[in-house]
Amino acid sequence: RKEVEQDPGPFNVPEGATVAFNCTYSNSASQSFFWYRQDCRKEPKLLMSVYSSGNEDGRFTAQLNRASQYISLLIRDSKLSDSATYLCVVIPPGGYNKLIFGAGTRLAVHP
Amino acid sequence: DAGVIQSPRHEVTEMGQEVTLRCKPISGHDYLFWYRQTMMRGLELLIYFNNNVPIDDSGMPEDRFSAKMPNASFSTLKIQPSEPRDSAVYFCASSLRGNRQGRTEAFFGQGTRLTVV
């Protein structure tokens with residue numbers, strides 16, 4: 001089983017839609033979680049950290065469910081500029097900054 | 001700061017040749033990572049360093065791959081001999097040590113697109 005698993009998509013949604021991505025992780029003792037964004041042929045960049053109580057950054061909401069070992073990302077009011085691949089990232093226990101990436105979920109927002 | 005700098009941006013080489021990828025991390029960052037990205041396998045962590053010391057190289061696929069970090073501002077990833085299946089985008093990233101919860105941000109270079117023919 002992979003350490004971090006994501007639905008590869010693609011998710012094709014119209015502008016203004018709400019879309020949610022899920023990600024599961026295998027090591028229940030993992031402590032730190034993130035969402036990164038990668039535009040086509042570019043490097044990944046941090047979108048947001050994921051906190052235990054859930055957190056929001058504008059149109060983006062991240063949730064953590066430790067019991068089920070999954071992380072979610074909700075994007076409200078999708079924009080064309082949200083089109084990208086969203087990467088779920090986990091630091092395993094004792095990982096000391098060791099970022100393990102999921103394969104990514106591709107989002108395409110159309111007019 | 002210019003961010004993480006990788007060179008070359010593109011490399012095309014023949015099977016069997018030696019390939020050296022270079023990385024300059026962000027000044028002051030004490031962690032450096034090498035990742036490989038392909039369509040089939042996504043982003044794979046190959047090796048990472050802390051204060052120039054390799055911490056975990058379990059992701060290095062074979063003995064053909066080697067990485068060094070002779071000082072805080074420079075790292076290399078070498079493939080010798082190269083094979084067509086090594087074709088991928090290789091990313092270098094750097095970060096500061098995380099807080100107690102391990103929270104840290106990794107900053108990536110623009111990557112080296114390697115094609116082995």
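So that the names make sense, note that chain A is the first sequence line, chain B the second, and so on, each numbered from 1.
In this structure, A:Gln38 and B:Gln37 have side chains that are in contact, with non-hydrogen atoms separated by less than 4.5 Å. At least one side-chain heavy atom of B:Leu43 sits under 4.5 Å from a side-chain heavy atom of A:Leu87. Considering only heavy atoms from C-beta on, B:Tyr35 stays 4.5 Å or farther from A:Pro44 through its side chain.
Note: A:Phe101 and B:Phe108 meet the aromatic proximity criterion, with ring centroids under 6.0 Å apart.
With a 4.5 Å cut-off on non-hydrogen atoms, B:Asp56 touches chain A through its side chain but not through its backbone. Proximity to chain B (any heavy atom under 4.5 Å) is shown, for A:Lys45, by neither the backbone nor the side chain.
Within 6.0 Å of CZ in B:Arg36 there are more than 12 heavy atoms belonging to other residues, nucleotides or ligands. Around atom OH of A:Tyr70, no more than 12 heavy atoms belonging to other residues, nucleotides or ligands sit under 6.0 Å away. Heavy atoms from other residues, nucleotides or ligands lying under 6.0 Å from CG of B:Asn71 number more than 12. Atom CD of B:Glu14 is surrounded by 12 or fewer heavy atoms from other residues, nucleotides or ligands within 6.0 Å.
Separating the CG atom in B:Leu45 from the CD1 atom in A:Ile100 is a distance of 5.5 Å, to the nearest 0.5 Å. For the atom pair NZ of A:Lys98 and CZ of B:Phe33, the computed distance is 10.5 Å after rounding to the nearest 0.5 Å.
Chain A forms more heavy-atom pairs under 4.5 Å with one residue of B:Gly111, B:Ala106, B:Ser95 than with any other, namely B:Ala106. Highest contact tally toward chain A, considering only B:Glu44, B:Arg41, B:Arg113, B:Met39, is held by B:Arg113 [criterion: heavy-atom pairs under 4.5 Å].
A:Glu43 and B:Gly109 make their closest contact through CB-O, 3.0 Å (heavy atoms, listed as atom of the first residue, atom of the second, distance).
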